[in-house]
**Student:** 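Handing you this structure, nothing more for now.
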Amino acid sequence: MAAHIHQFLCLKDNFGVLVHDPSTRATAAVDAPEAAPILAALAARKWELTDILITHHHYDHVQGIAGLKTKFPRARVIGPAKEAAKIGPLDIAVGEDDHVKTGMLEAKVIEVPGHTSGHVAYWFTREDILFAGDTLFAMGCGRGFEEPPAVLYHSLMKLAALPGETQVYCGHEYSLANARFALTVDPSNALLKARAGEVARQREAGEFTLPTTIAIELATNPFLRADDPAIQAGLGMAGADPAAVFTELRERKNRF
Ligand code: ZN
Ligand code: FE
């Protein structure tokens, strides 16, 4: 049986996500932005929390851990070894190429430094589902808080190399603002224009704009398109190193 995924909002614009394995009834929460809505989502489905997969140490991704552990003391907290000191006690500390299991579901850990130095993504290879945290967003990417832009760019290229049909879940619902910025640097991209319209319609209707796919991001996300001649020309950087173009895109987005 396939994995069941349930996505819902926490805090203002953070996503809570539950990954459920129907064959064993194991259930993982991806990040812990807020305990109450995650516990409510579990209770509504009569699912028991077995694992908490942490992508990075920021408060809006870990503050729910204690509340989840109070209700489910046996749930294992899994997170990046490099951020263990900041996240708090981890039951399993992971790094590049480690495999973590939720029931029969298995995720490969991909280190994606940039937004934070120890940030990891979880790729469920058989289901082809990626949990990207705050590294990759729909038509956007996270801010490079703890590493230089070139490091974040390299991490994004690792995710961009996954299969095009990979379903991508992200830490935040930022698509509307990301689309507005993307259009300023890639204004002649017909697929981007169509997607910006679709995202506006979805948000108007109260729908989520995620998951996305790697193929959709490759076609519409300017941060994955730093090698695109039209984007480079628009920035006055024709032929420049894609990492330098990415750096310029990231700085413009910071000011946007
Ligand atoms: Zn963050
Ligand atoms: Fe966040």
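Ligands are counted one by one from 1 in listed order, and the atoms in each one are counted from 1 as well. In this text, all values refer to a predicted model and were calculated from it rather than measured experimentally.
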**Student:** Only counting residues at least two apart or in another chain, list the ones meeting ring-ring contact (aromatic ring centres under 6.0 Å, His included) with Phe131.
**Tutor:**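 Listed in chain order: Phe124, Tyr169.
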**Student:** Quickly, which of Thr212, Thr209, Asn189 forms a side-chain hydrogen bond (donor to acceptor under 3.5 Å, both in side chains) with Arg195? Name it, please.
**Tutor:**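 Only one of Thr212, Thr209, Asn189 forms a side-chain hydrogen bond (donor to acceptor under 3.5 Å, both in side chains) with Arg195, namely Thr212.
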**Student:** Answer yes or no: is there a donor N or O on one side and an acceptor on the other, between the side chain of Glu217 and the main chain of Leu224, under 3.5 Å?
**Tutor:**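 Not confirmed, Glu217 side chain does not pair with Leu224 backbone.
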**Student:** How about Glu165 and Thr213: do any of their side-chain heavy atoms sit closer than 4.5 Å?
**Tutor:**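 No. Closest side-chain heavy atoms not under 4.5 Å.
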**Student:** Identify, with sequence neighbours excluded, every residue that meets ring-ring contact (aromatic ring centres under 6.0 Å, His included) alongside Phe145.
**Tutor:**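 If we apply the ring-ring contact (aromatic ring centres under 6.0 Å, His included) test to Phe145, skipping adjacent residues, the hits are His58, His115.
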**Student:** Give a yes or no on whether Lys82 atom NZ has more than 12 heavy-atom contacts from other residues, nucleotides or ligands under 6.0 Å away.
**Tutor:**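 No, NZ of Lys82 has 12 or fewer neighbouring heavy atoms, counting only those of other groups under 6.0 Å.
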**Student:** Should the pair Phe223 and Phe181 be assigned to parallel (<30°), tilted (30 to 60°) or perpendicular (>60°) ring geometry?
**Tutor:**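 The arrangement is parallel - the two ring planes meet at less than 30°.
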**Student:** For the Zn ion (ligand 1), which protein N/O/S atoms are closer than 2.8 Å?
**Tutor:**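 The answer, once waters are left aside, is His56 NE2, His58 ND1, His115 NE2, Asp134 OD2.
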**Student:** Which pair of non-hydrogen atoms, one from His56 and one from Ile87, has the smallest distance, and what is that distance?
**Tutor:**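 Answer, listing the atom of His56 first, then Ile87: C-CD1, 4.4 Å.
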**Student:** Relative to each other, are the rings of His20 and His4 parallel, tilted or perpendicular (30° and 60° limits)?
**Tutor:**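 Because their plane-to-plane angle lies in the 30° to 60° range, the rings of His20 and His4 count as tilted.
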**Student:** Strictly under 2.8 Å of the Fe ion (ligand 2): which protein N/O/S atoms qualify?
**Tutor:**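 Those protein N, O or S atoms (cut-off: under 2.8 Å from the Fe ion (ligand 2)) are Asp60 OD2, His61 NE2, Asp134 OD2, His172 NE2.
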